[in-house]
Asker: 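Here it is, the structure, as structure tokens.
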Amino acid sequence: MAKETQLQVEAIKNGTVIDHIPANVGFKVLKLFKMHKTNQRVTVGLNLPSSALGAKDLIKIENIFISEEQASQLALYAPQATVNQIENYEVVKKLNLALPEQINAVFKCPNSNCISHGEPVDSSFKVITKKEDIQLKCKYCEKVFSREIVTESN
Ligand code: CTP
Ligand code: ZN
């Protein structure tokens with residue numbers, strides 16, 4: 001069996017496999033989906049060898065299927081990740097990650113003076129894409145931040 005075809009983390013029966021996460025982003029994805037708070041079995045592979053990425057992170061969550069909304073949040077962290085739905089050991093669906101037009105109530109605004117911090121309102125950003133770059137514009141202070149600034153400061 002070629003090395004690439006061997007499973008690096010045990011196969012699961014039912015649930016979600018998020019594959020091809022860039023190395024070092026896996027932790028953030030775990031935190032984003034609060035996977036440490038689930039009762040289900042979560043297996044994580046960090047810095048696994050990958051022919052496409054060099055190194056990758058991989059997350060398997062048993063008995064949980066991520067929603068389209070969660071998939072669009074994931075797109076912000078790892079646009080090239082693959083989300084596989086597993087049923088009875090078979091891959092039954094691969095979700096395409098698409099960037100959302102807006103992202104609400106997920107990230108705090110990095111601008112400490114932003115009015116959204118003092119108000120009981122949900123944060124809201126418009127997603128702006130310029131070629132490879134992804135930027136987020138806060139609905140409240142109208143400042144524009146790179147995707148990295150927003151995800152790092154949360
Ligand atoms: N997987 C798993 N448990 C299963 C079936 C698959 O954990 N019962 C994992 C595989 O290890 C892989 C991912 O789910 O990480 C996708 O499986 P598959 O589509 O068979 O692999 P690839 O063809 O390599 O997928 P792709 O090239 O689309 O990433
Ligand atoms: Zn703001």
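Both ligands and their constituent atoms are indexed starting at 1 by order of listing.
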Asker: Check the pair E142 / K137 against side-chain contact (heavy atoms from CB on, under 4.5 Å), numbers first and verdict last.
Answerer: CA-CA 6 Å; E142 301 195 319; K137 183 176 183 183; 4.0 Å; yes
Asker: Pairs of donor and acceptor atoms involving the side chains of residues 105-127, under 3.5 Å and at least two apart or interchain, shall be tabulated with distances.
Answerer:
from: N111; atom 1: OD1; to: N113; atom 2: N; distance (Å): 2.9
from: H117; atom 1: NE2; to: C109; atom 2: O; distance (Å): 3.0
from: H117; atom 1: NE2; to: N111; atom 2: O; distance (Å): 2.9
from: S123; atom 1: OG; to: F107; atom 2: O; distance (Å): 2.5
from: S124; atom 1: OG; to: N104; atom 2: OD1; distance (Å): 2.8

Asker: Per the side chain to side chain contact (heavy atoms under 4.5 Å, CB included) rule, which among D57, N24, I21 passes with L46?
Answerer: D57
Asker: Check side chain to side chain contact (heavy atoms under 4.5 Å, CB included) between Q85 and all other residues, then give those that pass, not counting sequence neighbours.
Answerer: F65, E87, V92, K93
Asker: Nearest 0.5 Å, what's the CD-CD1 distance between Q135 and I128?
Answerer: 6.0 Å
Asker: How long is the straight-line distance from CD1 of I61 back to CE of M35, given to the nearest 0.5 Å?
Answerer: 3.5 Å
Asker: Note every protein N or O atom lying under 3.5 Å from an N or O atom of ligand 1, pairing the names and giving the distance.
Answerer:
from: ligand 1; atom 1: 3 (N); to: I12; atom 2: N; distance (Å): 3.0
from: ligand 1; atom 1: 7 (O); to: K60; atom 2: NZ; distance (Å): 2.6
from: ligand 1; atom 1: 8 (N); to: I12; atom 2: O; distance (Å): 2.8
from: ligand 1; atom 1: 8 (N); to: Y89; atom 2: O; distance (Å): 2.9
from: ligand 1; atom 1: 15 (O); to: D19; atom 2: OD2; distance (Å): 2.9
from: ligand 1; atom 1: 19 (O); to: K94; atom 2: NZ; distance (Å): 2.7
from: ligand 1; atom 1: 25 (O); to: K94; atom 2: NZ; distance (Å): 3.1
from: ligand 1; atom 1: 28 (O); to: K94; atom 2: NZ; distance (Å): 2.6
from: ligand 1; atom 1: 29 (O); to: H20; atom 2: NE2; distance (Å): 2.8

Asker: Looking at E148, I'd like to know if its CD atom is crowded, meaning that more than 12 non-hydrogen atoms belonging to other residues, nucleotides or ligands lie closer than 6.0 Å.
Answerer: yes
Asker: If we check side chain to side chain contact (heavy atoms under 4.5 Å, CB included) with Q73, which of these qualifies: I66, L99, I103?
Answerer: I103
Asker: Quick check: are there more than 12 heavy atoms from other residues, nucleotides or ligands sitting under 6.0 Å from CD of Q40?
Answerer: yes
Asker: What count do you get for protein N/O/S atoms less than 2.8 Å from the Zn ion (ligand 2)?
Answerer: 4
